[in-house]
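A quick write-up on the structure given underneath.
Counting convention: from 1, in listed order, for ligands and their atoms alike.
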Amino acid sequence: MTVMRKTLAAAVLVGALVAPLYAHADPCKLEISGNDQMQYDKHELWINGACTEVTLTLRHAGKLPKEAMGHNWVLVNAKDLEAVANAGMAAGLQNDYVAAGDKRVLAHTKTIGGGETTSITFPTAALQKGGAYKYLCTFPGHHALMQGTLKFG
Ligand SMILES: [Cu+2]
């Protein structure tokens, strides 16, 4: 009886220790998707301050090709959103709608079409805890609807 109780207690203890590790997804891995209605599925993303690098996966859940309804994910300081959107529009699809060498772009994926998925991994060294960051799609005309807030810390 005593042995059984101890075994049970040990099992409960192990469960309590292990469960939190698997209860939540890895905070250094982010996922977001876009659709044919020009929308992201998330308006806010959070990077845990302990992450030294982050992997972001963008999925296009729609069917339209990237020439018609392309999506990307571009991370900027909140104040740079409009300027980066305008510069990206001029850069064109061949540049993934990101102006070459644009220092205001902190990280970005390529532009994808329906059914495609893309990932990027970037260091958080360029981010400040508590900073005001935004992400957007720079496909022409998309950023008004396709943008969100990113928090780090
Ligand atoms: Cu888009």
Side-chain angles (χ1 to χ4, degrees), residues 14-153:
V14 168
L17 290 173
V18 171
L21 296 176
Y22 295 98
H24 300 288
D26 183 340
C28 305
K29 287 187 170 32
L30 305 178
E31 289 183 0
I32 188 166
S33 70
N35 62 21
D36 283 344
Q37 283 71 49
M38 212 192 292
Q39 292 165 331
Y40 283 136
D41 67 335
K42 289 174 184 157
H43 297 288
E44 191 173 300
L45 291 171
W46 173 64
I47 300 171
N48 188 303
C51 299
T52 55
E53 64 175 30
V54 179
T55 297
L56 177 124
T57 299
L58 169 68
R59 192 172 69 91
H60 192 319
K63 291 190 164 61
L64 294 170
K66 63 183 175 186
E67 290 77 10
M69 185 55 71
H71 298 316
N72 63 9
W73 184 91
V74 180
L75 180 63
V76 296
N77 282 293
K79 64 178 173 54
D80 294 328
L81 185 138
E82 290 293 334
V84 167
N86 287 331
M89 197 186 315
L93 179 58
Q94 70 273 22
N95 294 308
D96 288 308
Y97 296 108
V98 175
D102 191 337
K103 296 270 192 296
R104 298 165 300 193
V105 173
L106 304 174
H108 75 92
T109 68
K110 62 179 189 167
T111 298
I112 57 172
E116 296 181 314
T117 298
T118 188
S119 285
I120 46 160
T121 298
F122 58 96
T124 57
L127 305 179
Q128 292 179 340
K129 288 179 183 172
Y133 301 103
K134 291 268 193 183
Y135 56 87
L136 68 150
C137 174
T138 56
F139 188 97
H142 284 201
H143 76 281
L145 283 176
M146 297 186 74
Q147 60 171 274
T149 300
L150 182 134
K151 290 181 177 160
F152 175 58

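Residue-environment remark: CD (E116) exceeds the threshold of 12 foreign heavy atoms within 6.0 Å. Within a 6.0 Å sphere centred on CD of Q128, heavy atoms belonging to other residues, nucleotides or ligands number 12 at most.
Atom ND1 is the N, O or S atom of H142 at the shortest distance from the Cu ion (ligand 1). When you scan the N, O or S atoms of H71 for the one nearest the Cu ion (ligand 1), you land on ND1.
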Show me the side-chain donor-acceptor pairs of residues 143-152 shorter than 3.5 Å, one per line, residues at least two apart or across chains.
{"from": "H143", "atom 1": "NE2", "to": "E82", "atom 2": "OE1", "distance (Å)": "3.1"}
{"from": "H143", "atom 1": "NE2", "to": "E82", "atom 2": "OE2", "distance (Å)": "3.4"}
{"from": "Q147", "atom 1": "NE2", "to": "H143", "atom 2": "O", "distance (Å)": "3.0"}

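Among the backbone and side-chain atoms of C137, an N, O or S atom lies under 2.8 Å from the Cu ion (ligand 1).
K66 places no side-chain N or O within donor-acceptor distance of the main-chain N or O of D96, the cut-off being under 3.5 Å.
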